[in-house]
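Just so it is clear, the structure is predicted and the values come from calculations on it, not from any experiment. Each ligand, and each atom within it, is numbered from 1 in the order the structure gives.
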Amino acid sequence: MRPLIAGNWKMNGLTGFSAALARAIREGAPPVAAFCDLLVCPPATQLAAVGAILAGSAVALGAQNCHQEPDGAHTGDISASMLRDAGATAVILGHSERRANHGETDELVREKVLAAVAAGLLPIVCVGETDEQRRSGRETETVGWQLSGSLPQGFTGVVSYEPVWAIGTGRACEPPQVEAMHGFIRQELMRQFGREAGAAIRLLYGGSVKAHNARSLLSVPEVNGALIGGAALNADEFLAIARAAAPR
Ligand code: PEP
């Protein structure tokens with residue numbers, strides 16, 4: 001499966017920084033785009049400007065969240081079709097920071113997935129256990145519930161396994177732990193959506209992926225790419241991670 005390397009810029013980047021980062025990624029993209037798909041997800045305020053810089057390049061544009069309704073009285077929210085209109089082709093949904101800071105439930109994430117698909121966006125759905133859940137041996141149970149609750153029938157988007165304890169901590173999941181969880185998720189996807197459809201869903205790993213550990217994480221079976229936070233704010237680091245996805 002062709003890998004996807006996606007950058008989540010989170011709430012970082014004013015106009016000058018975002019433009020410089022987008023330009024540097026666009027310029028370095030062609031050699032890596034030969035073997036992997038590249039996606040950057042800037043804050044909503046930068047979508048149009050970054051989209052203009054990336055237009056015609058090998059780097060796709062994504063958003064970090066959307067509202068579940070198509071329009072209406074939702075002050076401060078942004079619909080999936082507005083993101084599409086601003087140039088996005090994908091959207092991250094159910095990130096643990098949204099689940100924790102905004103109380104997003106599996107049910108809400110599923111509604112957002114449906115809204116994203118209806119607007120023509122590729123949903124990238126994040127799942128992952130907390131430190132406490134892993135310590136108490138409940139990591140697969142937790143992720144299993146998130147998968148069955150967050151993914152609607154007929155789901156054909158992307159799933160990203162992001163253990164909460166590995167996000168922004170510099171403490172990436174060890175490759176054997178990633179292998180065990182991705183194997184479990186793949187089985188669950190095939191159970192939920194059928195063998196063929198479940199096997200075709202791209203499964204990313206996210207959580208402290210850096211240039212120095214990307215190769216070992218991206219070589220794990222059933223890892224079809226990475227969702228990158230902190231390291232996506234540096235073009236050299238982001239592109240180095242993408243190079244680590246080269247076929248071997
Ligand atoms: C993320 O928040 O999606 C993420 C993976 O962050 P980081 O790479 O900084 O751990």
Flag yes if more than 12 heavy atoms outside E27 fall under 6.0 Å of its CD atom; otherwise flag no. yes
Restricting to heavy atoms, the pick from A226, A232, G207 nearest atom 5 (C) of ligand 1 would be G207
Does N8 approach ligand 1 within less than 4.0 angstrom via side chain, backbone, both or neither, non-hydrogen atoms only? side chain
How are the rings of H182 and Y161 set to each other: parallel, tilted or perpendicular (split at 30° and 60°)? perpendicular
In the protein, which heavy atom is nearest to atom 8 (O) of ligand 1, and how far is it? G229 N, 2.8 Å
Quick one, D37 and I5 - any side-chain contact, counting heavy atoms below 4.5 Å? no
Quick check on H95 - does any of its heavy atoms sit under 4.0 Å from an atom of ligand 1? yes
Can you tell if the side chain of R138 reaches within under 4.5 Å of the side chain of E129, non-hydrogen atoms only? no
Location of contacts on A166 toward ligand 1, heavy atoms closer than 4.0 Å: backbone
Looking at ligand 1, does any of its N/O atoms fall within less than 3.5 Å of an N/O of T169? no
Are any of the N or O atoms of G230 closer than 3.5 Å to those of ligand 1? yes
For A231, state whether at least one heavy atom is located under 4.0 Å from any atom of ligand 1. no
Backbone or side chain, does any N or O of K10 fall under 3.5 Å from an N or O of ligand 1? yes
Assess A172 for proximity to ligand 1: is some non-hydrogen atom of it under 4.0 Å away? no
In terms of ring plane angle, is the pair F17 and W9 parallel, tilted or perpendicular, where the classes change at 30° and 60°? perpendicular
Under a 3.5 Å threshold, yes or no: a donor from one side chain and an acceptor from the other, between S150 and D106? yes
